[in-house]
Amino acid sequence: MIQQSTTSAAGAGGVAAPPPTGTVRLTINGQQHTLQIAPWTTLLDALREYAHLTGTKKGCDHGQCGACTVLVNGKRINSCLSLAVMHEDHDITTIEGLGSQENLHPLQQAFIDHDAFQCGYCTPGQICSAQGLINEGRAHTEEEIKEHMSGNLCRCGAYAGILNAVKEVVDSKSSESRR
């Protein structure tokens, strides 16, 4: 629950008071973060500017490119379209929470193996979106993967590598579940 705190406007000179802020507690990548933010702060800005997790990218800032995709309770969302205060008591996972340099997540490794990135800007959102579609269990064929990943845009055109990387991990998960 956000608790509002405000300060009065500065006296002489007519300087406006800073915007009201409140305390928001977010669980990000399994760690509790207590942030002092304005109630209209997007989840994207809370992650990047206040929690200092800059793996999630700000692309269009209108929910059209998918660069800001993160997982909330395992489901993918565009963090630029969601207010941070809406996600108290939720489990938020960013690209930083999927794997580490010592132990890459299977999607991260597949993106490397299939050269599924060029500039890398869209990659965190692509990987989080791919993990979300795996969590949702709805994408099994190339056509389904293309459809469910269509909200994530890549300016470099690395779509063939992205599709191959996601398909490899989806197929791997499918074969594991059949065992």
Side-chain angles (χ1 to χ4, degrees), residues 26-33 42-82 87 90-179:
L26 300 175
T27 303
I28 307 167
N29 302 327
Q31 294 184 321
Q32 282 284 78
H33 293 261
T42 64
L43 180 56
L44 172 61
D45 287 337
L47 293 169
R48 290 184 57 79
E49 305 300 326
Y50 295 91
H52 308 291
L53 296 167
T54 57
T56 304
K57 303 302 185 212
K58 184 179 275 197
C60 67
D61 213 19
H62 295 289
Q64 296 175 359
C65 73
C68 67
T69 304
V70 298
L71 302 171
V72 175
N73 296 332
K75 296 184 181 193
R76 54 206 167 132
I77 69 160
N78 290 330
S79 62
C80 73
L81 295 179
S82 188
H87 298 291
H90 294 171
D91 182 25
I92 301 162
T93 305
T94 68
I95 191 68
E96 292 94 342
L98 285 179
S100 66
Q101 287 183 347
E102 300 79 30
N103 187 24
L104 293 178
H105 184 279
L107 281 165
Q108 292 169 321
Q109 186 62 57
F111 267 63
I112 291 169
D113 294 345
H114 291 277
D115 197 23
F117 54 90
Q118 289 180 25
C119 80
Y121 197 83
C122 73
T123 305
Q126 296 274 2
I127 290 174
C128 285
S129 186
Q131 183 59 53
L133 75 85
I134 290 169
N135 294 347
E136 295 161 11
R138 296 188 304 171
H140 305 287
T141 67
E142 285 188 15
E143 287 306 312
E144 289 173 334
I145 293 169
K146 286 179 187 178
E147 176 64 28
H148 292 292
M149 293 288 293
S150 65
N152 291 81
L153 303 179
C154 172
R155 293 183 66 134
C156 299
Y159 291 112
I162 292 167
L163 175 61
N164 292 336
V166 175
K167 182 86 170 94
E168 175 183 297
V169 176
V170 166
D171 289 347
S172 170
K173 297 282 183 196
S174 294
S175 67
E176 286 175 13
S177 67
R178 287 189 292 246
R179 291 181 197 176

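- One N or O on the side chain of E144 and one on the backbone of H140 form a donor-acceptor pair closer than 3.5 Å.
- For E136, the CD atom sits in a packed shell: over 12 heavy atoms of surrounding residues, nucleotides or ligands are nearer than 6.0 Å.
- In this structure a side-chain-to-backbone donor-acceptor pair under 3.5 Å is missing from H62 to G59.
- Distance alone, capped at 3.5 Å, is enough to place a donor-acceptor pair between the N73 side chain and the D91 backbone.
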Take C154 and Q126 through the side-chain contact (heavy atoms from CB on, under 4.5 Å) test and state the conclusion after the steps. CA-CA 9 Å; C154 172; Q126 296 274 2; 4.0 Å; yes

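- Considering all non-hydrogen atoms of both residues, T56 and R48 come closest at O-NH1, 2.7 Å.
- The shortest side-chain heavy-atom distance between L81 and T42 does not fall under the 4.5 Å cut-off.
- In this structure, R76 contributes its side chain and C128 its backbone to no donor-acceptor pair below 3.5 Å.
- Counting only distance, with no hydrogens or angles, the side chain of S129 and the backbone of M149 share no donor-acceptor pair below 3.5 Å.
- G125 and T69 get closest at one heavy-atom pair: O-CB, 3.6 Å.
- Minimum heavy-atom separation, G74 to N135: O-ND2, 2.9 Å.
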Residues 105-118 side chain polar contacts: donor-acceptor under 3.5 Å, at least two apart:
from	atom 1	to	atom 2	distance (Å)
H105	ND1	L107	N	3.0
H105	NE2	Q131	OE1	2.9
Q108	OE1	H105	N	2.8
Q109	NE2	D113	OD1	2.8
H114	NE2	E168	OE1	2.6

For side-chain contact (heavy atoms from CB on, under 4.5 Å), just list the numbers for L163 and K146, CA-CA rounded to whole Å, side-chain angles, deciding distance to a tenth of an Å, and then say yes or no. CA-CA 7 Å; L163 175 61; K146 286 179 187 178; 3.5 Å; yes

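- Here H87 pairs with H90 under the ring-ring contact (aromatic ring centres under 6.0 Å, His included) rule; sequence neighbours left out.
- Remark: the backbone N or O of S79 is not paired with any side-chain donor or acceptor of S82 at under 3.5 angstrom.
- Two residues are said to be in side-chain contact when any heavy atoms from C-beta on lie closer than 4.5 Å; I77 and L43 meet this criterion.
- Side chain of Y121 to backbone of K58: a donor-acceptor contact under 3.5 angstrom is found.
- Looking only at distances, a side-chain donor or acceptor of N152 sits under 3.5 Å from a matching main-chain atom of G66.
- The distance from atom NE2 of H52 to atom CG of L47, rounded to the nearest 0.5 Å, is 11.5 Å.
- Atom CG in L71 sits 9.5 Å away from atom CG in N29 (nearest 0.5 Å).
- Using a 4.5 Å cut-off on side-chain heavy atoms (C-beta onward), D61 and L44 make contact.
- A donor atom on one side chain and an acceptor atom on the other are found under 3.5 Å apart for T94 and E96.
- For the atom pair SG (C60) and CG (N78), the distance works out to 7.5 Å, reported to the nearest 0.5 Å.
- Separation of atoms CD (Q64) and SG (C80) is listed at 9.0 Å; rounding is to 0.5 Å.
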Under the criterion side-chain contact (heavy atoms from CB on, under 4.5 Å), I'd like the reasoning laid out for T123 against I127: C-alpha separation, chi angles, the key distance, then a yes or no. CA-CA 6 Å; T123 305; I127 290 174; 3.6 Å; yes

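- With rounding to the nearest 0.5 angstrom, the CG atom of L133 is 13.5 Å from the NZ atom of K75.
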